[in-house]
Protein chains: 2
Amino acid sequence: MDSKIVSLRSKLEIYKAGSGGGNIVDCPVRDVIQGISNKWSSLLMMALAEKPYRFGELRRLVPDISQRMLTQTLHDLQRDGYVHREVFPTKPPSVEYSLTDLGRSMFGPLHQLLQWAELNHGAVRDARAAFDATET
Amino acid sequence: MDSKIVSLRSKLEIYKAGSGGGNIVDCPVRDVIQGISNKWSSLLMMALAEKPYRFGELRRLVPDISQRMLTQTLHDLQRDGYVHREVFPTKPPSVEYSLTDLGRSMFGPLHQLLQWAELNHGAVRDARAAFDATET
DNA sequence: CTATATGAGTCTCAAAAAGAGACCAGCACT
DNA sequence: AGTGCTGGTCTCTTTTTGAGACTCATATAG
């Protein structure tokens with residue numbers, strides 16, 4: 001585990017030192033991460049990892065997302081190559097969203113993080129309560 | 001204690017079945033994930049995983065974050081228990097931020113995701129280019 | 001025949017969040 | 001006396017998000 005952190009350390013050193021070449025602002029990791037670190041992306045990935053869903057199904061599955069943000073988030077996930085969008089010529093045409101291979105590949109590590117969240121929800125909730133208590 | 005920790009999959013199944021038991025809106029995973037899935041959290045975690053930093057150091061390390069968002073993101077990370085904030089009584093008082101045990105624990109899976117991003121940056125960039133090409 | 005519903009969005013407008021940059025305090029150095 | 005350093009906060013503007021009406025072609029109900 002320490003070795004992984006060391007590899008990241010050298011990344012940071014490189015970007016820090018890079019007045020001429022690399023800048024942390026242009027970091028490729030940031031470029032990819034910013035596409036999935038928003039309010040709805042991981043939730044939709046989580047849903048689609050289970051099975052493909054249609055637009056309306058996702059909307060009912062995640063009742064507090066607005067249609068506007070559902071459209072936009074799916075569009076962004078599709079653009080980054082995580083999600084495949086397929087239109088079926090039914091009489092009211094239906095659209096199915098599913099994970100691509102790249103999406104399934106990304107969901108591997110994402111799922112680890114989701115599992116951590118599930119396991120440590122209690123610890124985080126306690127930390128919040130303690131912090132809010134000392135703040136008041 | 002939270003004895004009712006349910007697996008991610010069964011959460012979804014429960015919602016689909018339409019029973020009154022579980023609602024995805026109150027999902028504990030969402031509660032935790034939304035705290036770290038924003039523009040700056042993972043980046044600051046990445047920096048602090050390397051070593052503790054002071055406020056001004058972080059600001060220089062991430063030059064495109066505003067002081068306002070740096071303050072706020074660090075505050076939120078501290079509230080959730082990932083980051084420890086320590087004030088040193090130097091002559092202009094300095095403040096050091098470091099990861100807590102919980103923070104290091106969370107950075108494990110997060111680091112997997114960051115590594116995935118580093119490895120697959122090319123694939124994502126290509127997907128974007130292809131998508132933008134067919135869109136025009 | 002008219003009324004209403006459906007699926008997958010788009011459009012508009014209001015609210016919330018983020019970004020830019022000035023300003024604050026105390027102390028050291030010049 | 002002026003400047004810089006520290007770690008912020010305050011205010012203002014721009015961007016992003018949310019809420020909700022509207023589209024369009026077809027289907028079914030009354």
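Source: prediction; values computed, not measured. A, B, ... follow the sequence lines: proteins, then strands. Residue 1 opens every chain.
Listed for the S41(A) side chain is no donor-acceptor partner under 3.5 Å among the backbone atoms of S37(A).
Separating the CE atom of M69(B) from the P atom of dT16(D) is a distance of 13 Å, rounded to the nearest angstrom. Computed from coordinates, the L58(B) CG to dT6(D) C1' distance equals 14 Å when rounded to whole Å. Between the P atom of dG19(C) and the CG atom of D64(B) lies a distance of 8 Å, rounded to the nearest Å. Separating the CD atom of Q34(A) from the P atom of dT16(D) is a distance of 12 Å, rounded to the nearest angstrom. Q72(B) places its CD atom 13 Å from the C1' atom of dG8(D), with the value rounded to the nearest Å.
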Anything under 3.5 Å between a protein N or O and an N or O of nucleotides 5-10 of chain C, put it in a table, one pair a line.
unit_1: dA8(C); atom_1: OP1; unit_2: V95(A); atom_2: N; d: 2.7
unit_1: dA8(C); atom_1: OP1; unit_2: V95(A); atom_2: O; d: 3.4
unit_1: dA8(C); atom_1: OP2; unit_2: G56(A); atom_2: N; d: 2.9
unit_1: dG9(C); atom_1: OP1; unit_2: R85(A); atom_2: NH2; d: 2.4
unit_1: dG9(C); atom_1: OP2; unit_2: Y97(A); atom_2: OH; d: 2.7
unit_1: dG9(C); atom_1: N7; unit_2: Q67(A); atom_2: OE1; d: 2.9
unit_1: dG9(C); atom_1: N7; unit_2: Q67(A); atom_2: NE2; d: 3.4
unit_1: dG9(C); atom_1: O6; unit_2: Q67(A); atom_2: OE1; d: 2.9
unit_1: dT10(C); atom_1: O4; unit_2: Q67(A); atom_2: OE1; d: 3.2

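Residues K51(A) and Y53(A) meet the side-chain proximity criterion, which asks for heavy atoms closer than 4.5 Å. Residues L99(B) and V83(B) are in side-chain contact: their nearest non-hydrogen atoms beyond the backbone lie under 4.5 Å apart. At least one side-chain heavy atom of L114(B) sits under 4.5 Å from a side-chain heavy atom of I33(A). Side-chain contact between L58(A) and L44(A): present, with at least one pair of heavy atoms (C-beta onward) separated by less than 4.5 Å.
Applying the side-chain hydrogen bond (donor to acceptor under 3.5 Å, both in side chains) test to every pair with at least one member in residues 74-91 of chain A, sequence neighbours left out, gives these pairs: H75(A)-E135(B), R79(A)-D132(B), D80(A)-R128(B), R85(A)-Y97(A), T90(A)-S94(A).
Under a hydrophobic clustering in which Ile, Leu, Val, Met, Phe, Trp and Tyr are joined whenever their side-chain heavy atoms come within less than 4.5 Å, directly or via other members, F88(A) and F55(A) fall into different clusters.
Look at D64(B) and R30(A) and you find a salt bridge, because one of the NZ, NE, NH1 or NH2 atoms lies within 4.0 Å of a carboxylate O, short of that distance.
When the C1' atom is compared between dT6(D) and dG19(C), the two are found 23 Å apart, to the nearest whole Å.
Remark: K39(A), W40(A) in residues 35-44 of chain A come within less than 4.0 Å of DNA chain D through at least one heavy atom.
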